[in-house]
Amino acid sequence: MNRALRGASRSPADASRRTPVYDLIFDSQNSLGKAARMTDKPDEKKVTPRSQDFAAWYNDLILRAELADYSPVRGCIVFRPDGFAIWEALRDELDRRIKKTGARNAYFPLFIPQSFLHKEAQHVEGFAPEVAVVTHGGGKELEEPLIVRPTSETIINHMFAQWIHSHRDLPLMINQWCNVVRWEMRTRIFLRTTEFLWQEGHTAHAMRAEAEAETLTMLEVYRKFAEEILAIPIVAGRKSAAERFPGAEETYTIEGLMGDGRALQCGTSHFLGQNFARAFEIRFLDEKNELVHPWQTSWGVSTRLLGAIIMTHGDDQGLRLPPAVASTQVVIVPIWRKADEGERVVTAARSILLALENAGIRARLDERDGVTPGFKFNDWEMRGVPLRVEIGPRDVASGEVVLARRDIPGPAGKSKAAMNEVAVRATALLSEIQKNMLVQARAAMDANTHPVMSYDQLRTQMEGEGGGGFADVYWCGNPVCETKIREETRATCRAIPLNQSHPPGKCVVCGEPASERALFAKAY
RNA sequence: CGGGGUGUAGCUCAGCCUGGUAGAGCACUACGUUCGGGACGUAGGAGUCGCAGGUUCAAAUCCUGUCACCCCGACCA
C-alpha cells in the first residue's frame, strides 16, 4: 500500500495546508472532510481530528504512533516494533486461551497445490479471484502452479485425511499462527491488507453436535478475549447466508462497532459440516464400525484486530491502548531545568522505574535530552501509553509524583501518589483503565445502536457518508430483503445476535412475519 | 475494465503557461539558550525533476511515447 493505503492519509499538516480552492475543484471526488478542512488552520502538531475525517485520522494515528509503515509492495504493510508488540501481546494471550480449549499449534506450508482449491465448490468460488499464484520456481515453469494460501482449509484437510482413521483420533484440534495472502482490490491498513497475519484453528469431530458446540465455544473465547483484553465490546451472532464463509454451513461472528459508526468483523467461527470432509475424503470408523465423515469447524482472528483497537479507542490526541496489550504500560517523564535538579529527579525516576518493573509492569523512563516535557507528554499520548508518571523537582521535594491516565484526558485524569506507593497505585490504575476503556467503548456502541421499526427509519439512519451505527431490526431472513437493504442503504447484515428473547415481529422490509432481529450496519 | 487525476529533497508541495545555475515548509545533523502540556536561534546536509526519445546553443519547463501511483465506479472480507 505504498500509495494505495497512503491515499486517504495525508499528514494532518499537509491536508490543511492545501488551499480551499484546491479542495473544492480538484478534491471534489473525495467525499471526506472537505468542508472541515477548509476552515482549519494548519497545525502540524495535531492529527486530523477524528470527527473531521475518520479515514485520515486513522491513517495519521498509525503513522504517527509508528505502528506500521507502507511497503514498496502494493497492499502490503510493515509492522513496526510498536505495532508488532501489540500483536505479540494479543497473540500470546489468545494463544494461551486457545490451548486451554484443547487445540495444539502446528504449522502448514505457505504454498498449496492449485488443484486443492478446486476440491470444494463454494470454497473455490469464494477464493479463486483473490488468490496469488506461483507459476515459476528455480527458473522453470512449474508442472502445477502453487497458490499462496488465502486460508489453509484445503491443505489442512488434506493432511487430516491422512491422520484420521478412527473415532479414537478425534477430536483433532489444530491451530496455526501464520500469514495469508488475499489479492484484495482495495486495501486499508490493518483492516484489509494483501498479506496479513492471523491464527486459524481447524477441528474435526466425530459428532455433529460436538462440532457445533466447538464452533460456539471458540466464538465465546473470542468474545471474552476481545472484551477482556482488547476492551472492545462485541455482538456475538450468526452471519446471514450472504455473509457466510465459502464452504461453511454456518458462520458466526464477533462484531464490533467502530468510532465512526461502521461495523467491523473482529473474528469468525465456522461450522463446516461435512463439506470439506467429503471433498478431501476424510473418513473414520466409528464405534459401530461404520465408515463416516467427521464434522468440522474453523475459526480465526487476524491483525485486523489492531485496526479495531485503534478505531474503538483512539481519540484526537492519538492512540489509546488497553493496558493488557500496551507494550509500554507506564511511562515516566522527568522534568527539570538545572543540572543539580536533573540529578535528583532522574535518580528518583530510576528508582520508580525499578519499583514498577518489580511489580510486573511494563514501564519505561523517557530520558531523552533535547525535547521538552510537554513534547513528551504529547508524544506518549500519541503512542497510547495508558498511564504516565510525571516527576519534577517539586515532586522530589514532597515525595510525591503525578499520575496521568490516558483514558481520562486533561486534569481530571491526574492524581498524586506518594513515591513509595507508585507501583501499587499504578497496578490498581492500570486495571481500572482496562475496565473503564471497555465501559467507555460499550457506551459508545450502545449510543450507536438503534431499534428500527420501519424501513424509512432504516434509510434515514444509514444516510450520508460514514457509518450509521447498528440498526436493530426484525428481518424475515429472506435474502431478497437483505439485498434490497444493501443496495438502497449500503448497510449489510452484520449479525443475527445469539440468545434472542424477542416476541415475533414483522420484517422491516417486506412486513412478513419475522422471528428474529438482526443488526444491520455499514461495514469495513 | 470505465471515468478523473498525479509523478520535483525523507514527507507535503511551489516552480512549468512565457526554456537560461533546483526552491519552500516540515523532518534530519551540530552548537547555544530552553524545559510542570507540542521551545527558539544560528549554521549545515540532502534532489540523475518517474523513465525513454525528440526540438533547442540551452529542457523540471515545449513535443511524442512509456511506466508507476492515487481517487471514484465495478468486485469483495
Side-chain angles (χ1 to χ4, degrees), chain A residues 1-19 22 25-32 42-47 55 60 63-64 69-70 72-75 125-131 150-151 180 182-188 191-194 196 198 239 242-246 251 253 255 263-268 300-302 304 307 317-318 333-339 341-342 345 366 368-382 388-397 400-402 404 409-411 413-414 416 486 492 494 523-524:
Chain A
M1 340 196 162
N2 32 34
R3 296 269 167 102
L5 283 181
R6 203 173 308 197
S9 80
R10 300 194 170 89
S11 85
D14 303 303
S16 44
R17 192 180 294 123
R18 295 184 308 168
T19 66
Y22 178 92
I25 297 176
F26 295 103
D27 211 28
S28 57
Q29 288 193 318
N30 184 348
S31 51
L32 296 168
D43 186 346
E44 276 134 21
K45 287 165 181 161
K46 287 207 157 57
V47 103
D60 282 351
L63 263 46
R64 289 279 294 275
D69 206 350
Y70 304 105
V73 183
R74 176 188 164 79
E125 203 180 309
F127 282 107
E130 56 187 49
V131 153
T151 169
V180 290
R182 297 180 185 178
W183 218 260
E184 303 289 353
M185 307 200 72
R186 214 151 162 190
T187 53
R188 264 174 157 282
L191 301 178
R192 184 181 288 106
T193 48
T194 298
F196 57 97
W198 77 346
K239 281 292 188 190
E243 301 282 330
R244 205 173 279 157
F245 176 73
T251 288
T253 176
E255 204 77 16
L264 182 74
Q265 180 173 303
C266 294
T268 52
V301 301
S302 73
R304 167 179 276 194
Q317 281 301 308
V333 177
I335 301 156
W336 51 276
R337 269 180 236 213
K338 299 170 205 132
E341 285 174 354
V345 168
D366 187 350
R368 277 180 294 178
D369 207 7
V371 283
T372 63
F375 178 90
K376 292 177 181 176
F377 294 170
N378 285 284
D379 190 37
W380 292 109
E381 280 170 12
M382 175 62 64
R388 179 178 67 240
V389 176
E390 306 174 5
I391 177 167
R394 296 205 297 265
D395 302 303
V396 175
E400 289 183 321
V401 296
V402 173
K414 288 196 179 188
K416 289 208 163 191
R486 178 169 61 84
T492 52
R494 303 320 304 158
Y524 279 101

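As a basis for the values below, the full set of heavy atoms in this structure was taken, side chains included, without hydrogen atoms, waters or symmetry mates. Residue numbers start from 1 in every chain, and the chains themselves are labelled A, B, ... in the order their sequence lines are given, proteins ahead of strands.
Residue A/Arg304 is in base contact, counting any heavy-atom pair closer than 4.0 Å across all strands shown. Residue contacts shown for A/Arg368 are absent, as no nucleic acid heavy atom lies under 4.0 Å away. Within 4.0 Å of A/Pro129, counting heavy atoms only, lies no atom of the nucleic acid at all. Residue contacts shown for A/Val402 include a base, since a base heavy atom lies under 4.0 Å away. Among the heavy atoms of the strands lying under 4.0 Å from A/Arg388 is at least one base atom, whether or not backbone atoms are also near.
Closest approach of A/Cys266 to A/Val301, counting heavy atoms only: O-CG1, 3.7 Å.
Rounding to the nearest 0.5 Å gives a distance of 13.5 Å between OG1 of A/Thr268 and CZ of A/Arg244. To the nearest 0.5 Å, the span separating NZ on A/Lys46 from CG on A/Asp60 amounts to 13.5 Å. For the atom pair CD (A/Glu243) and CZ (A/Arg486), the distance works out to 8.5 Å, reported to the nearest 0.5 Å. Taking CD of A/Gln265 as the start and CZ of A/Arg494 as the end, the distance is 6.5 Å to the nearest 0.5 Å. One finds the CZ atom of A/Arg182 at 6.0 Å from the CD atom of A/Glu130 (value rounded to the nearest 0.5 Å).
For the C1' atoms, the distance from B/G3 to B/C63 is 26 Å, rounded to whole Å. Atom C1' of B/U34 sits at a distance of 8 Å from the matching atom of B/C40, rounded to the whole Å. When the P atom is used for both B/A9 and B/G47, the distance is 10 Å, rounded to whole Å. Comparing the P positions of B/C49 and B/G7 gives a spacing of 15 Å, expressed to the nearest Å. With both ends at atom P, the span from B/C71 to B/U29 equals 32 Å, rounded to whole Å. Distance noted for atom P between B/C75 and B/A24: 49 Å (whole Å). Rounded to whole Å, the separation between the C1' atoms of B/A27 and B/A68 comes to 26 Å. Spacing of P atoms, B/A22 relative to B/G4, comes out at 36 Å, to the nearest Å.
Across all strands shown, B/U55 forms no Watson-Crick or G-U wobble pair with both distances under 3.5 Å. For B/A46, there is no paired base (Watson-Crick or G-U wobble, both distances below 3.5 Å). Summarising the base pairing, B/G73 is matched to B/C1 through a Watson-Crick or G-U wobble pair whose two defining distances lie under 3.5 Å. Pairing of B/A39, defined by two Watson-Crick or G-U wobble distances under 3.5 Å, is identified with B/U33. Across all strands shown, B/U21 forms no Watson-Crick or G-U wobble pair with both distances under 3.5 Å. Summarising the base pairing, B/U6 is matched to B/A68 through a Watson-Crick or G-U wobble pair whose two defining distances lie under 3.5 Å.
Rounded to whole Å, atom P of B/A30 lies 12 Å from atom CG of A/Asp369. For the pair A/Lys239 NZ and B/C76 C1', the interatomic distance rounds to 13 Å; values are reported in whole Å. If you measure from atom CZ of A/Arg188 to atom P of B/C76, you get 18 Å, rounded to the nearest angstrom. The distance from atom CG of A/Leu63 to atom C1' of B/G10 is 13 Å, rounded to the nearest whole Å. Between A/Lys338 atom NZ and B/U33 atom P the separation is 15 Å, expressed in whole Å. Taking atom NZ on A/Lys46 and atom P on B/G37, their separation rounds to 14 Å, with Å as the unit. Taking atom CG of A/Asn378 as the reference point, atom P of B/C35 lies 17 Å away to the nearest angstrom. A/Trp380 places its CH2 atom 18 Å from the P atom of B/G38, with the value rounded to the nearest Å.
A cation-pi geometry, defined here as NZ or CZ lying under 6.0 Å from the six-membered ring centre and within 45° of its normal, does not hold between A/Arg304 and A/Phe196.
In this structure, the nucleotide among B/A39, B/G37, B/C76 sitting nearest to the side chain of A/Glu184 is B/C76. Nearest nucleotide to the A/Phe375 side chain, out of B/A39, B/G37, B/C76: B/A39. Among the nucleotides B/G36, B/G38, B/C76, the one closest to the side chain of A/Glu390 is B/G36. Taking every side-chain heavy atom of A/Pro373 into account, B/G36 is the closest of B/G37, B/G36, B/C76. For A/Glu130, whose side chain is taken as the heavy atoms from C-beta onward, the closest listed nucleotide among B/C76, B/G38, B/G37 is B/C76.
Listed pair A/Thr372 / B/A39 meets the phosphate criterion, a side-chain N or O lying under 4.0 Å from OP1 or OP2.
Judged by atom type and distance alone, A/Lys414 reaches the base of B/G37 through a side-chain donor-acceptor pair under 3.5 Å. Checked by distance alone, A/Arg337 brings no side-chain donor or acceptor within 3.5 Å of a matching partner on the base of B/G36. Judged by distance alone, with hydrogens and angles left aside, A/Asp395 brings a side-chain donor or acceptor within reach of the base of B/G36, the pair sitting under 3.5 Å.
Residues A/Leu264 and A/Ile391 both approach RNA chain B. Their nearest nucleotides, taken by heavy-atom distance, put A/Ile391 toward the 5′ side.
At least one donor-acceptor pair under 3.5 Å links the side chain of A/Glu341 to the backbone N or O of A/Arg337.
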